[in-house]
Amino acid sequence: MPHRPFQRAVVTGGAGFLGSHLCERLLHRGIEVLCLDNFITGSRSNVAHLIADERFRLIHCDVTTAVQVHGPVDLVLHFASPASPADYLRLPIHTLKVGSIGTLHALDLAREKRARFVLASTSEVYGDPLEHPQRESYWGNVNPVGPRSVYDEAKRFAEALTTAYRASHGVDTAIVRIFNTFGPRMRPGDGRAIPTFIRQALSGEPITVTGDGRQTRSICYVDDTVDGVLALAGGRHPGPVNIGGTEEVTMLDLAMHVRGLAGSRSPIDLVDSPVDDPRMRRPDTAVAREALGWAPKVPCSEGLQRTIAWFEERLAAGRPRGGAPGPVPSIGA
Ligand code: NAD
């Protein structure tokens, strides 16, 4: 992380998929970590391997209620929010509350502690984009009353609030717009496309691809996303900055790729598309490259292989956390 010698970080949503990787990486860099989570979609098992480290503390906390931390804090990474469509459609009001009230509390903490604040925003702020690839200057095409709006609009509000705290209260804020990220610790049943495809491929079930399968996404391996988030945290840039993979794939190709890498003979079934599912997604990463010196390094195939290997180990150990599949796989995040 350039520029900033952080000593004590708060990670909200730290027991989730991305949050747990962030906690791990911060500890590796010698930074003390307070992980705040209410476990609504995350799990203690994601950070169980960190508990023995005396610089790590796991605190059960719902950030929509309050965020209170004793002692100094110089970095707040606000990652608490359901992120899989299956989760946010099941938790619509909670998703709106964590994006609004939860963000307010996390910003208040950063203000009180004079800490750098990083908001985990999302490519979903671009909605079903009319501009391709998506630059940070694009305002998006979001249906405010569609089912996905609970997530998209919560994140758009969170961006507005973060910007207002910067302008009105002088908080040192940054906004990262994360595109579809995958890797170990995703729940096999969380409804997102990659864990769903892997679970289906490994169990020999049909792999379910939505719509005609020609919709595209650009996927990024978790290690690269974490590098991007920490590069932003460690600098002065306010964002928004896109962090995401630049290899754009159709969902059908992705399903076939996963099937091949998993050595599976699962058939591929086309199923109904979710409402307002974006047709295409690819970040323009010029800002990340120029301002942060960031570019993804892990090729998709390698990231998928690592993820499949992790799922295989979990299944072999009989610990397929997340259990039942979501009804319709979607790659939204
Ligand atoms: P996740 O569901 O695995 O993690 C979210 C974590 O937040 C969970 O541990 C959950 O228990 C916690 N949480 C939710 N509400 C909370 C609350 N009120 N108080 C405390 N903790 C709460 O999802 P993820 O994929 O790790 O996503 C993490 C963040 O990154 C989210 O803000 C998401 O919007 C953003 N993001 C992720 C992706 C991606 O591809 N994974 C893409 C774009 C943005």
Side-chain angles (χ1 to χ4, degrees), residues 1 3-4 6 9-13 18-19 22 36 63-64 66-67 73-83 88 95-127 129-131 133-144 148-179 225 228-244 281 283-292 294 333:
M1 225 186 291
H3 312 311
R4 306 277 188 105
F6 294 118
V10 165
V11 182
T12 74
L18 283 180
L22 281 165
L36 272 46
V63 296
T64 68
V67 180
V73 170
D74 42 22
L75 175 64
V76 176
L77 301 177
H78 180 42
F79 276 65
S81 170
Y88 62 69
T95 302
L96 284 158
K97 281 172 77 176
V98 75
S100 53
I101 304 165
T103 303
L104 184 82
H105 289 153
L107 278 162
D108 279 336
L109 176 72
R111 184 182 180 200
E112 177 202 332
K113 305 288 182 184
R114 298 179 180 279
R116 172 87 160 151
F117 175 91
V118 178
L119 170 70
S121 186
T122 168
S123 58
E124 302 287 334
V125 299
Y126 300 124
L130 305 175
E131 180 179 303
Q134 292 80 55
R135 281 176 297 182
E136 289 85 350
S137 55
Y138 177 52
W139 292 356
N141 178 36
V142 171
N143 174 0
R148 304 170 73 101
S149 65
V150 297
Y151 183 65
D152 305 359
E153 297 292 18
K155 290 290 183 182
R156 289 166 69 95
F157 177 87
E159 287 201 11
L161 191 63
T162 300
T163 306
Y165 263 63
R166 184 177 185 87
S168 300
H169 294 320
V171 178
D172 177 14
T173 62
I175 296 169
V176 55
R177 291 189 182 145
I178 301 168
F179 283 63
T225 298
V229 170
L230 294 184
L232 179 63
R236 303 267 169 204
H237 201 287
V241 179
N242 289 336
I243 292 292
R281 237 342 122 54
D284 180 318
T285 54
V287 174
R289 243 186 355 260
E290 284 152 29
L292 311 178
W294 178 87

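Heavy atoms only: backbone and side chains are in, while hydrogens, waters and symmetry mates are out.
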Query raised in the report: Which pair of heavy atoms, one from Leu161 and one from Ser100, lies closest together, and at what distance?
Result: CD2-O, 3.9 Å
Query - Non-hydrogen atoms of Ala291 and His237 that approach each other most closely - result: CB-CD2, 3.5 Å
Query raised in the report: If we only count heavy atoms from C-beta on, is the Asn141 to Tyr126 side-chain gap below 4.5 Å?
Result: no
**Report entry** Under the side-chain hydrogen bond (donor to acceptor under 3.5 Å, both in side chains) test, residues paired with Thr285 that sit two or more places apart
**Finding:** Arg289
Query raised in the report: Does the side chain of Thr103 pick up a donor-acceptor pair with the side chain of His78 at under 3.5 Å?
Result: yes
Query raised in the report: Is any side-chain heavy atom of Leu36 less than 4.5 Å from a side-chain heavy atom of Val10?
Result: yes
Query raised in the report: Among side-chain atoms of Tyr138 and Asn242, is any donor-acceptor pair under 3.5 angstrom?
Result: no
Requested in this report: Using the side chain to side chain contact (heavy atoms under 4.5 Å, CB included) rule, take Thr225 and Leu18 through it: C-alpha gap first, then chi angles, then the decisive distance, then the call.
Outcome: CA-CA 9 Å; Thr225 298; Leu18 283 180; 4.2 Å; yes
Report task. Would you mind reporting whether Val67 and Asp108 have side-chain heavy atoms less than 4.5 Å apart? Result -> no
**Report entry** Lys97 NZ: over 12 foreign heavy atoms closer than 6.0 Å
**Finding:** no
**Report entry** Over all atoms of both residues, closest heavy-atom pair of Asp284 and Pro133
**Finding:** N-CB, 4.0 Å
Query raised in the report: Is there a side-chain contact between Phe117 and Asp172 (heavy atoms, below 4.5 Å)?
Result: no
Query - Side chain proximity check, Pro82 to Val98, heavy atoms < 4.5 angstrom - result: yes
**Report entry** Sub-4.5 Å side-chain heavy-atom contact between Phe79 and Ile178
**Finding:** yes
**Report entry** Main-chain N/O of Phe179 paired to Ser123 side chain as donor or acceptor, under 3.5 Å
**Finding:** no
Report summary line: Here the gap from Thr162 atom OG1 to Leu107 atom CG, rounded to the nearest 0.5 Å, amounts to 4.5 Å
Query raised in the report: Out of Glu112, Arg114, Lys113, which residue meets the side-chain contact (heavy atoms from CB on, under 4.5 Å) rule with Val73?
Result: Lys113
Query raised in the report: Nearest heavy-atom pair of Val76 and Ala115: which atoms, and what distance?
Result: CG2-CB, 4.1 Å
**Report entry** Step-by-step side chain to side chain contact (heavy atoms under 4.5 Å, CB included) determination, Tyr151 to Ser81
**Finding:** CA-CA 9 Å; Tyr151 183 65; Ser81 170; 3.8 Å; yes
Query raised in the report: How far does CG of Asn143 sit from CG of Asp152, to the nearest 0.5 angstrom?
Result: 9.0 Å
Requested in this report: Taking all non-hydrogen atoms of both residues into account, name the closest pair between Gly99 and Ala158 and its distance.
Outcome: O-CB, 3.4 Å
Query raised in the report: Does the distance from a Lys or Arg side-chain N to an Asp or Glu carboxylate O, for Glu159 and Arg177, drop under 4.0 Å?
Result: yes
Query raised in the report: Can you name the closest pair of heavy atoms from Gln134 and Pro129 and give their distance?
Result: NE2-CG, 3.4 Å
Query raised in the report: Is there a salt bridge (charged side-chain N to carboxylate O under 4.0 Å, His left out) between Lys155 and Glu124 once you walk through the steps?
Result: CA-CA 8 Å; Lys155 290 290 183 182; Glu124 302 287 334; over 6 Å; no
Query - salt bridge (charged side-chain N to carboxylate O under 4.0 Å, His left out) involving Glu131 - partner list, sequence neighbours excluded - result: Arg135
Requested in this report: For residues Ile175 and Thr163, determine if any side-chain heavy atom of one lies less than 4.5 Å from a side-chain heavy atom of the other.
Outcome: yes
Requested in this report: Could you grab the distance from atom CG of Leu77 to atom CZ of Arg116, nearest 0.5 Å is fine?
Outcome: 10.0 Å
Report task. Mind checking the CG-OG1 spacing from Leu104 to Thr64? Nearest 0.5 Å is all I need. Result -> 11.5 Å
**Report entry** Spatial distance of atom CD1 (Ile243) from atom OG (Ser121) [nearest 0.5 Å]
**Finding:** 12.5 Å
Query raised in the report: Is the shortest heavy-atom distance from the side chain of Val142 to the side chain of Glu153 under 4.5 Å?
Result: yes
